[in-house]
Amino acid sequence: MEGTNNDVVLLDFWPSSFGMRLRIALALKGIQYEGREENLFDKSTLLLEMNSVHKKIPVLIHNGKPICESLIILEYIDQVWHDKYPLLPSHPYDKSQARFWADYVDKKIYSTGRRVWSGKGEDQEEAKKEFIEILKTLEGELGDKTYFGGDDNLGFVDVALVPFTSWFYSYEICANFSIEAVCPKLVAWARRCMQIESVANSLPHPHKIYDYVLELKHKFGLDTN
């Protein structure tokens, strides 16, 4: 195996769902790493050097080499430490489907969710409807399975999606709706995931996320009162 566990550094920011998915993966695989918290309003020299193209977190530094973009990092982690808790299925078709749905999460959840908590009036209502449809699509893919990856263990899609559930409370409070009312199976799935120690320890409390959302709304003049 290339490198050792001590050669792993994660540049991260605690409310980032993209960072949370890597914390989960590293925990599931029992990888020791050094987590470095970034200030996104005053980015470190290391972050700017390690991700000179996008200048964003998360960045995984393994043996001094940076890997950027969370789904790429997630797959890298799965390939390098493949001997414990595999996340991607082995069959090429199943692997392609896992990548498809993880990509769907990336393209849909963050941008629409941001409009849900930050928007007002018609834009917020439109974002809420879009967000619900996205969740219903994901719930349809989950079906009656225990996890997206199957019935036994978390898979690639589970790890990609579950961090966003820590933001559900903020979406609901800001836009006045209930995710459980429209997607009960998805919420039940999220609760199952939270029974896994590696997930529970990697996600901040939803109320802490909401406090952060209120800070952002104030900072950018989005206060509702």
For A175, side chain to side chain contact (heavy atoms under 4.5 Å, CB included) partners two or more places apart: V116, Q124, K128, F177
Residues that K55 engages under side chain to side chain contact (heavy atoms under 4.5 Å, CB included), provided they are two or more places apart: K43, L48
Residues R99 and D103 bridged, charged N to O under 4.0 Å: no
Do V105 and Y110 have side-chain heavy atoms sitting under 4.5 Å apart? no
Roughly how far, to the nearest 0.5 Å, is the CG atom of L186 from the CG atom of L138? 6.5 Å
Taking only residues two or more places apart in sequence, or in another chain, which ones meet V59 in a side chain to side chain contact (heavy atoms under 4.5 Å, CB included)? L11, L47, M50, N51, I61, P66, C68
From CD1 (I179) to CZ (F131), nearest 0.5 Å: 5.0 Å
Return the orientation label for the F220 and F41 ring planes: parallel under 30°, perpendicular over 60°, tilted otherwise. tilted
Side chain to side chain donor-acceptor pair (under 3.5 Å) partners of E139, counting only residues at least two apart: none
Report yes if the side chains of I67 and H62 come closer than 4.5 Å at any heavy-atom pair, otherwise no. yes
What's the verdict on side-chain contact (heavy atoms from CB on, under 4.5 Å) for L28 and I196, showing C-alpha distance, side-chain angles and the deciding distance? CA-CA 9 Å; L28 286 171; I196 299 169; 4.3 Å; yes
E69: salt bridge (charged side-chain N to carboxylate O under 4.0 Å, His left out) partners, not counting sequence neighbours: none
Return a table of donor-acceptor pairs under 3.5 angstrom between the side chains of residues 197-214 and protein atoms on other chains or two or more places apart.
unit_1 : atom_1 : unit_2 : atom_2 : d
N201   : ND2    : E197   : O      : 3.4
S202   : OG     : S198   : O      : 2.6
H205   : ND1    : H207   : N      : 3.0

How is the hydrophobic cluster of V53 composed, in terms of its other members, when Ile, Leu, Val, Met, Phe, Trp and Tyr link through side-chain heavy atoms under 4.5 Å apart, directly or indirectly? none
For S70, give me all partners under side chain to side chain donor-acceptor pair (under 3.5 Å), at least two apart in sequence or on another chain. R21
Could you list the donor-acceptor pairs under 3.5 angstrom formed by side chains in residues 87-95, with sequence neighbours left out?
unit_1 : atom_1 : unit_2 : atom_2 : d
H91    : ND1    : Y93    : N      : 3.0

Restricting to pairs with a member in residues 177-196, which pass side chain to side chain donor-acceptor pair (under 3.5 Å), not counting sequence neighbours? D144-K185, D158-W189, E180-R191
Enter the distance from L135:CG to F164:CZ here, rounded to the nearest 0.5 Å. 11.0 Å
Using the test side chain to side chain contact (heavy atoms under 4.5 Å, CB included), find all partners of E130 that sit at least two apart in sequence or belong to another chain. T112, R115, E126
Got D12 and F18 here, is their nearest side-chain heavy-atom distance under 4.5 Å? no
Going through the checks in order, is the salt bridge (charged side-chain N to carboxylate O under 4.0 Å, His left out) test met by K29 and D83? CA-CA 8 Å; K29 290 175 176 286; D83 55 333; over 6 Å; no
For residues W81 and V9: do they belong to one hydrophobic cluster (side chain heavy atoms under 4.5 Å, members Ile, Leu, Val, Met, Phe, Trp, Tyr)? yes
Excluding sequence neighbours, so at least two apart, what forms ring-ring contact (aromatic ring centres under 6.0 Å, His included) with F156? none
